[in-house]
Amino acid sequence: MSTGKIIVIVGIPGVGKTSVINYAVDKLAKEGYSSIVVNYGTVMLEEAMKKGLVNNRDEIRRLDVEKQMELQRMAAERINELSKKYDVLILDTHLFIKTKRGRWPGLNNNNLPYLPNIRQIILIEAEPEEIYSRRMRDQNRYRADYGGLNEIKEDLTYNRAFSASVSVLTNSPIYIINNKEGGLEAAGEELYNIIKEVISE
Ligand code: AMP
Ligand code: MG
């Protein structure tokens with residue numbers, strides 16, 4: 001079909017976003033849909049490394065905001081081009097980035113004009129205590145500067161707040177999936193169903 005539709009999937013580190021996405025994408029492939037998962041940070045990292053600005057993904061958010069904006073725009077252009085080849089492009093990203101100047105929107109007037117085919121926002125959430133223990137379990141992936149339980153609660157709130165503005169800017173509905181401990185399959189099914197709904201509309 002190659003609809004070029006883009007679905008934004010967000011969730012703070014530790015909600016289990018990647019696992020839920022993988023489940024849904026496997027099932028989409030089995031059902032004959034062509035999809036691609038794109039991690040926004042990875043595309044930005046490639047651009048930043050070409051320019052010699054950073055050595056790893058955690059350095060991106062510490063760059064000057066102006067610099068991040070440039071990378072953010074370049075990434076959006078590449079992602080939009082790529083989306084044209086698929087039924088659906090699943091964009092794994094963040095609604096806010098913790099910069100030196102505070103939380104800065106991951107989807108905003110700087111990059112959204114380059115991503116006109118966003119049709120849906122999906123927010124993956126989990127209980128703050130579960131997020132906290134997942135981060136503790138996997139210290140390699142989750143940075144020490146992410147903060148404690150209170151910051152997790154605050155970030156979950158911020159995510160909902162930012163999702164409302166992205167919803168308005170893209171005319172897209174917001175769907176929230178709760179990735180309960182031990183409930184990966186249920187969350188994956190839910191995600192699969194909503195993606196199928198978007199593709200077939
Ligand atoms: P991740 O591996 O998904 O945590 O992303 C790595 C880094 O990419 C983040 O810490 C941000 O610096 C950057 N990033 C991801 N998505 C965006 C976005 N939409 N806008 C700006 N920066 C982003
Ligand atoms: Mg991830």
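Order of appearance sets the numbers: ligands from 1, and atoms from 1 within every ligand.
- E70 has no carboxylate O lying under 4.0 Å from a charged side-chain N of R73, or vice versa, which leaves the two without a salt bridge.
- Of all atoms in ligand 1, listed by their number and element, those nearer than 4.0 Å to a heavy atom of N39 are 3 (O).
- With no hydrogens or angles considered, no side-chain donor-acceptor pair links E125 and N178 at under 3.5 Å.
- Of the heavy atoms in Q72, only side-chain atoms (C-beta onward) come closer than 4.0 Å to ligand 1.
- Side-chain contact check for K27 versus N22: every heavy-atom pair is 4.5 Å or farther apart.
- The R61 neighbourhood of ligand 1 comprises atoms 10 (O), 12 (O), with distances under 4.0 Å to a heavy atom of that residue.
- Not one N or O of Y40 is nearer than 3.5 Å to an N or O of ligand 1, by distance alone.
- For the pair R103 and Y158, the distance from NZ or CZ to the six-membered ring centre is under 6.0 Å and the angle to the ring normal is within 45 degrees.
- Near I60, meaning under 4.0 Å from any of its heavy atoms, are these atoms of ligand 1: 12 (O).
- Between K180 and E130 there is no salt bridge, since no side-chain N of the basic residue sits under 4.0 Å from a carboxylate O of the acidic one.
- Side-chain atoms of Q120 and I194, non-hydrogen and from C-beta on, do get closer than 4.5 Å to each other.
- Under 4.0 Å from ligand 1, not a single heavy atom of Q68 appears.
- Applying the 4.0 Å criterion to heavy atoms of T93 picks out, from ligand 1, the atoms 16 (N), 17 (C), 18 (C), 19 (N).
- The closest side-chain heavy-atom distance from L123 to I177 is not below 4.5 Å.
- Polar contact with ligand 1: present for G106 (N/O pair, distance under 3.5 Å).
- Annotation: W104 places no N or O atom under 3.5 Å from an N or O atom of ligand 1; distance criterion only.
- Proximity of D92 to ligand 1, defined as any heavy-atom pair under 4.0 Å, is not found for any part of the residue.
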